[in-house]
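These numbers were taken from a predicted model, which means no experiment stands behind them. All values below were derived from every heavy atom in this structure, side-chain atoms included, with hydrogens, water molecules and symmetry-related copies excluded.
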Amino acid sequence: MPDLRWVTGPVHCTDLVDAFGKVFGYVGPCSTGARGYVVQSGSEWPPRPAAFTDHAHADAARLWVETEVAARSLRPIRVIRDREAADGT
């Protein structure tokens with residue numbers, strides 16, 4: 001899996017993407033704070049459904065997304081930190 005980074009996405013979300021813009025997960029607002037989502041990868045076998053969970057803060061949701069994406073990855077991942085994108089949610 002390539003290096004991933006957080007970028008500002010649509011509708012007050014931040015997206016965890018690769019260099020080509022493929023979204024692996026994202027964080028958006030919810031009534032209790034922030035909700036982290038992990039999207040289903042077409043290369044997973046057996047395929048796992050998309051997942052989400054609520055968190056009090058966006059940083060906690062981002063950490064959960066990164067952990068879930070890493071657990072699903074066949075190779076180690078590296079998240080490149082970009083404070084400008086992370087401040088969006």
Seminar exercise, completed: Minimal heavy-atom distance between Gly28 and Cys13, with the atoms involved, is CA-SG, 3.8 Å

Exercise. Between the side chain of Thr67 and the main-chain N/O of Leu63, is any donor-acceptor distance below 3.5 Å?
Worked result: yes

Problem set entry | Basic-acidic side-chain contact under 4.0 Å: Arg5, Glu66 | no

For this session: Please name the residue in the list Leu4, Val39, Val7 that meets the side-chain contact (heavy atoms from CB on, under 4.5 Å) test with Asp15.
Result: Val7

Exercise. Distance from Phe24 atom CZ to Ile77 atom CD1, nearest 0.5 Å?
Worked result: 9.0 Å

Exercise. Rounded to the nearest 0.5 Å, what separation is found between the OH atom of Tyr37 and the CD atom of Glu68?
Worked result: 14.5 Å

Problem set entry | Counterpart residues, side-chain contact (heavy atoms from CB on, under 4.5 Å), relative to Thr32 (two or more places apart) | Cys30, Asp54

Exercise. For Gly36 and Ala61, which heavy atoms make the closest approach, and how far apart are they?
Worked result: N-CB, 4.0 Å

Problem set entry | Student check: side-chain heavy atoms of Trp6 and Val65 closer than 4.5 Å | yes

Exercise. Would you call Asp3 and Asp18 a side-chain contact if the rule is heavy atoms closer than 4.5 Å?
Worked result: no

Problem set entry | All side-chain contact (heavy atoms from CB on, under 4.5 Å) counterparts of Ala51, not counting sequence neighbours | Trp64, Arg72

